[in-house]
Amino acid sequence: MDAEGTKGMGAYGKISSLGHTGQTISTIFVESCLSEPPSKVRLVGGAHRCEGRVEVERNGHWGTVCDDGWDWNDLVVVCRELNCGAAKRTQSGVSYRPPAPEDQKVLIQDVNCSGMEDTLSECEQNEDVYNCPHLEDAGARCVNPDSDWRLADGPGRCQGRVEVLHQEQWSTVCKAGWNLQAAKVLCRQLGCGRALLTHRCCNKMTQGKGPIWIRQVSCSGQEANLQDCPLRPLENNCTHDEDTWVECEDPFELRLVGGDNPCAGRLEVLHKGAWGSVCDDSWGEEEDQVVCKQLGCGKPLSLSFKARKSYRPGAGPIWLDDVVCSGKEKSLESCQHRLWGRHDCTHKEDVAVMCSESTPEVDV
């Protein structure tokens, strides 16, 4: 993968090319917001809809994305656009089968996202594709949302009535066969944060109306997904008054801002669509380790007081306080912390982190 390459001119200017027999006519134009609808994106050939070769739609035709310049920030945007939870890794699109047809076009290259965009079409990108065969197609892996389980009728994808796809029908889950350990596994499986609560629902507006899945789910809470938990028949005549409701924290998205590179700066986390800072109460080397690891930025480095001060202060909400990690966690969401927005801090106490790498590692 060539991480360099010439970048396109982004949302306000693009380079397009027309021509044949080796002659190329390049035209630079300013694109208005209404000149064309946003391009669509999909992942093809993976084990589920949130993994596969990256393809975008232009003028009714699907084409691939060249991996020149493709990196972690681009992956984060694709996962967000597809509502697929957290980004896991980028990899070659060639690893997915069947391969792209020879006559399918490579539509864009040199994608350059900041990681904050909602859709891939908002990122800088170059439509003048050159020297990029299908062997360089970009691929992406996001958290598997596991289409066999979902949270329905909640205010977001991480809160709602628990449902399982059974015999090609969505069925509600009886609370008598459910507990907090199962909720922990489900939240993890759906790419959400930690489980906050589980209880019997619902009011008439959020009750299920279809079949009820009568099974006892016996989890330890450490399983990767609910399929790993033992199941047994539940001897209970459940009604929809006993449907299970689960609330998970929103998934953690992190970034370091204000530094010279993406692996140094003030720590911010995304919650309810807004980026906010983290208070440094209880913060130390173990917490730095988790952040650098989660961002793929190597190991934490010591920050001078002057450097820490240069990254402060932040603006907007302070989302987290009293974060405590062992250093072995793979994600900050696995560490202990107060509930979102609960703190006794000011922005003078915002966390700053510097890691050994200057760019996030990308698995290919």
Side-chain angles (χ1 to χ4, degrees), residues 43 46-51 72 75-76 78-80 82-89 140-166 170 172-173 175 177-199 201 213 215-231 243-254 269-272 286-287 289-291 293-296 319-320 323-340 363:
L43 301 179
H48 49 82
R49 71 174 185 86
C50 294
E51 174 185 0
W72 181 262
L75 172 67
V76 167
V78 167
C79 295
R80 180 181 300 132
L82 294 175
N83 195 25
C84 283
K88 292 191 71 174
R89 61 185 293 181
R141 287 183 63 189
C142 314
V143 169
N144 182 359
D146 192 352
S147 59
D148 289 343
W149 292 87
R150 70 183 184 186
L151 295 175
D153 292 336
R157 72 177 185 86
C158 292
Q159 296 183 38
R161 184 181 63 252
V162 181
E163 293 190 346
V164 59
L165 188 61
H166 180 62
W170 285 104
T172 61
V173 175
K175 183 62 182 72
W178 190 263
N179 56 26
L180 184 59
Q181 285 68 38
K184 290 179 179 179
V185 177
L186 179 59
C187 292
R188 184 181 307 123
Q189 182 172 336
L190 295 177
C192 300
R194 63 180 179 176
L196 294 176
L197 60 88
T198 180
H199 58 78
C201 77
W213 191 67
R215 294 288 188 277
Q216 174 78 44
V217 184
S218 300
C219 302
S220 68
Q222 302 301 314
E223 294 85 355
N225 56 65
L226 291 170
Q227 284 81 352
D228 297 333
C229 299
L231 304 176
D243 288 342
T244 302
W245 185 273
V246 165
E247 295 185 10
C248 318
E249 285 187 340
D250 289 337
F252 269 62
E253 289 190 44
L254 311 181
V269 296
L270 184 65
H271 181 58
K272 293 184 178 178
E286 291 81 6
E287 290 72 32
Q289 288 176 359
V290 175
V291 170
K293 184 191 309 179
Q294 184 172 352
L295 292 175
W319 282 133
L320 293 179
V323 180
V324 178
C325 306
S326 69
K328 298 180 181 179
E329 295 87 353
K330 294 182 180 179
S331 170
L332 200 65
E333 67 185 297
S334 301
C335 302
Q336 298 178 13
H337 57 83
R338 286 194 187 186
L339 295 177
W340 288 98
D363 295 328

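Fair warning: this is a prediction, and the values are worked out from it, not measured in the lab. For this chain, numbers begin at 1 and follow the sequence in order.
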Disulfide bond (SG atoms under 2.5 Å apart) between C248 and C158, intermediate numbers included: CA-CA 5 Å; C248 318; C158 292; 5.6 Å; no
Which heavy-atom pair separates [X] from [Y] by the least distance, and what is that distance?
X    : Y    : value
R194 : R338 : NH2-O, 3.9 Å
C50  : L43  : C-CD1, 3.4 Å
A182 : N179 : N-OD1, 2.9 Å
S331 : V290 : C-CG1, 3.5 Å
V185 : L226 : CG1-N, 3.6 Å

Residue pair C142, C79: steps toward the disulfide bond (SG atoms under 2.5 Å apart) verdict: CA-CA 6 Å; C142 314; C79 295; 2.0 Å; yes
When you measure from the side chain of [X] to the backbone N and O of [Y], does any donor-acceptor pair fall under 3.5 Å?
X    : Y    : value
K293 : G327 : yes
R89  : L75  : no
Q189 : C187 : no

Could you state the interatomic distance from [atom1] ([X]) to [atom2] ([Y]), rounded to the nearest 0.5 Å?
X    : Y    : atom1 : atom2 : value
Q289 : C325 : CD    : SG    : 9.5 Å
H271 : W319 : NE2   : CH2   : 4.5 Å
L320 : E287 : CG    : CD    : 12.0 Å

Could you check whether any side-chain heavy atom of [X] comes within less than 4.5 Å of a side-chain heavy atom of [Y], counting everything from C-beta outward?
X    : Y    : result
V162 : L151 : yes
E286 : V324 : no
D243 : V173 : no
S220 : E223 : yes

Matching residue for L332 among H337, E253, Q294 - test: side chain to side chain contact (heavy atoms under 4.5 Å, CB included): Q294
W170, W149, W178 screened by ring-ring contact (aromatic ring centres under 6.0 Å, His included) with W213, the one that passes: W149
Contacts of type salt bridge (charged side-chain N to carboxylate O under 4.0 Å, His left out), residue E163, not counting sequence neighbours: R150, R161
Stepwise side chain to side chain contact (heavy atoms under 4.5 Å, CB included) test for T198 and K175: CA-CA 9 Å; T198 180; K175 183 62 182 72; 4.1 Å; yes
